[in-house]
Amino acid sequence: MKRYIVYLLILSGFLLSYCTQKKKVKVKQTEIAADLIHPLYFQEEISSLINFPFWFNDSIVSKQKIQQLTVTSFKGVISDTSAYNPESEDETFPKRTLIYTFNREGRLIQLQITDFSEGIVISNQSFRITQSGRLNYCEAIQKDNLYGVENNTFTYKPSKVSASYASYEASNDMDLIHFILDTNYFGPLSVDSIASPLPNDWIVLGYPDRPVKRYKVKNTVKETSISNYEYYSKNFPRLITNEEYPFFKKRYFNYQNGHFNGYIDSTFIDETFVTSVKTLIYYDKKRLPIKIIHKKEHAEAVNNYQTHELFSYTFYP
């Protein structure tokens, strides 16, 4: 009997110690605050869907009286391994400019995309963005296309929209995006039954502003070009992975004091590290982004390669 009591006391002490340790390692998550630009704006497959322009916080745009935001991307340069000084960046020819125009209520009403080669315009497109509707879908009406027809940015129009499923057809009349909105139908057989996707179609599990998984499929179960999304809260991303054999990519999103300040990309081949890209976002005193640095490092390289983007603004009086 005494041995039994001793055993119970030891077991109780072990369980108490385990629960205490488990409680100690539990860290309270910092609440994430909204900034002008949503982190998913930097995810290419999401930002390219200009019919779903949820990337800008209209309340901040309106409060700051922003009329236009111009994002200019520049060619990359070789940099040394010393500490980075954002004031000393060499300005080369721009690769692309994105000009976003807002109304006074903060809603995006126009997007202009211009591509360059050695300072010469090779493509110029402009779209008028209408008021958003179901699933925050906006019609993107092309105003002009002066150059670069072959580089046309696709827009999408609704094909079928219901409570559990929505499909949109691309302006090239070839591609379809299928959004499976109800989690009960995320399985491969349900997706095949509801969407009947072709091998070139994209399937997105979740909503346009909060995808859970994005992929293509062949023969019902053979998936390719797979992206998986994980979130902290709401639709603030934590980790996005992309798998396209033989490459496997991870993107970790960083938040400092509850605000988004960049992300880190890592690329692997057969679990072997190949490259990493560290992206840093610089803000002004009003917390408006003014510069982005993408710094690429190779596994065995001596020099690093970096690109950058500049943000400029015009304001309503």
Side-chain angles (χ1 to χ4, degrees), residues 38-55 135 137 140 150-162 164-231 235 237-253 263-277 279 294 296 298-299:
H38 193 282
L40 287 176
Y41 167 84
F42 301 97
Q43 197 66 25
E44 183 179 356
E45 72 272 15
I46 296 178
S47 63
S48 63
L49 296 178
I50 64 176
N51 294 99
F52 301 93
F54 68 93
W55 328 299
L135 298 182
Y137 172 84
E150 69 280 5
N151 297 322
N152 198 17
T153 298
F154 297 148
T155 58
Y156 289 85
K157 59 182 180 181
S159 176
K160 182 179 180 181
V161 181
S162 68
S164 59
Y165 165 71
S167 65
Y168 295 86
E169 184 179 354
S171 54
N172 64 354
D173 297 325
M174 294 176 61
D175 299 335
L176 275 172
I177 298 182
H178 306 273
F179 291 98
I180 309 300
L181 307 174
D182 191 330
T183 57
N184 293 317
Y185 303 126
F186 278 9
L189 295 180
S190 296
V191 170
D192 186 66
S193 176
I194 294 172
S196 302
L198 298 175
N200 200 45
D201 293 351
W202 284 105
I203 298 167
V204 177
L205 306 184
Y207 285 77
D209 62 349
R210 198 184 189 280
V212 176
K213 184 177 181 180
R214 184 178 189 268
Y215 62 100
K216 293 183 176 183
V217 67
K218 185 178 181 180
N219 297 330
T220 306
V221 295
K222 187 177 181 181
E223 299 177 355
T224 60
S225 304
I226 307 166
S227 294
N228 288 287
Y229 307 78
E230 298 179 16
Y231 299 89
N235 64 340
R238 183 185 74 85
L239 169 66
I240 296 178
T241 61
N242 177 265
E243 184 177 353
E244 185 63 42
Y245 183 83
F247 297 101
F248 184 77
K249 300 177 182 179
K250 295 182 179 181
R251 171 170 289 183
Y252 287 96
F253 291 79
Y263 51 91
I264 298 177
D265 293 318
S266 299
T267 301
F268 302 84
I269 296 180
D270 295 331
E271 299 185 355
T272 301
F273 170 74
V274 180
T275 61
S276 71
V277 179
T279 296
H294 308 276
K296 187 173 186 177
H298 297 274

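Taking each heavy atom of Y215 and V217 in turn, the nearest pair found is CE1-CB, 3.9 Å. Across all non-hydrogen atoms, the minimal contact from G206 to F186 is N-CZ, 3.6 Å. Heavy atoms only, all atoms of each residue included: L189 and T220 are closest at CD2-CG2, 4.0 Å. Looking at every heavy atom in both residues, V191 comes nearest to P197 through O-CD, 4.0 Å. T275 and F273 get closest at one heavy-atom pair: O-CE1, 3.0 Å. Annotation for Y168 and P158: closest pair CD2-CA, 3.5 Å, computed over non-hydrogen atoms.
Considering OG of S167 and CG of D201, their distance stands at 9.0 Å, rounded to 0.5 Å. Between E169 atom CD and D175 atom CG the span is 9.5 Å, to the nearest 0.5 Å. Put simply, OH on Y156 and CG on N172 are 7.0 Å apart, with the number rounded to the nearest 0.5 Å. Note that CD1 of I269 is 10.0 Å distant from NZ of K249, once rounded to the nearest 0.5 Å. Atom CG of D265 sits about 4.0 Å away from atom CZ of R251, to the nearest 0.5 Å.
Ring-centre distance between F54 and Y207: not below the 6.0 Å cut-off.
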Run the side chain to side chain contact (heavy atoms under 4.5 Å, CB included) check on I240 and F253 step by step: do they pass?
CA-CA 8 Å; I240 296 178; F253 291 79; 3.7 Å; yes

From CA spacing to verdict: ring pair (Phe, Tyr, Trp, His ring centres under 6.0 Å), F179, Y137:
CA-CA 12 Å; F179 291 98; Y137 172 84; over 10 Å; no

Check the pair Y185, Y165 against side chain to side chain contact (heavy atoms under 4.5 Å, CB included), reporting the backbone distance first and the verdict last.
CA-CA 9 Å; Y185 303 126; Y165 165 71; over 6 Å; no

For T241 and L239, run side chain to side chain contact (heavy atoms under 4.5 Å, CB included): C-alpha distance rounded to whole Å, both residues' side-chain angles, the deciding distance at 0.1 Å, then the answer.
CA-CA 7 Å; T241 61; L239 169 66; 4.0 Å; yes

What do the steps show when you test N235 against H38 for side-chain hydrogen bond (donor to acceptor under 3.5 Å, both in side chains), and what is the final call?
CA-CA 9 Å; N235 64 340; H38 193 282; 3.0 Å; yes

Pair T279, H294 - check side-chain hydrogen bond (donor to acceptor under 3.5 Å, both in side chains), show working.
CA-CA 4 Å; T279 296; H294 308 276; 2.9 Å; yes

CA sep, side-chain torsions, deciding dist, call: I177, L49, side chain to side chain contact (heavy atoms under 4.5 Å, CB included)
CA-CA 10 Å; I177 298 182; L49 296 178; 3.4 Å; yes

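Within a 6.0 Å radius of CZ in F247, other residues, nucleotides and ligands contribute 12 heavy atoms or fewer. Counting non-hydrogen atoms of other residues, nucleotides and ligands closer than 6.0 Å to OH of Y41 gives a total above 12. Under a cut-off of 6.0 angstrom, the local environment of NZ in K216 is crowded, with over 12 non-hydrogen atoms contributed by other residues, nucleotides or ligands.
Aromatic ring pairs are classed by plane angle as parallel below 30°, tilted from 30° to 60° and perpendicular above 60°; the pair F248 and F268 is tilted.
Remark: the backbone N or O of T272 is not paired with any side-chain donor or acceptor of D270 at under 3.5 angstrom. The backbone N or O of P211 lies less than 3.5 Å from a partner atom in the side chain of Y231, making a donor-acceptor pair. E244 contributes a side-chain N or O that, together with a main-chain N or O of S225, makes up a donor-acceptor pair within less than 3.5 Å. Between the side chain of S171 and the main chain of T155, a donor-acceptor pair closer than 3.5 Å is present.
Annotation: cation-pi pair K250/Y252 absent, no NZ/CZ under 6.0 Å from the ring centroid and within 45° of its normal.
Between K218 and T224, every side-chain heavy-atom pair lies at or beyond the 4.5 Å cut-off. Here the side chains of K213 and E223 are in contact, with some heavy-atom distance below 4.5 Å.
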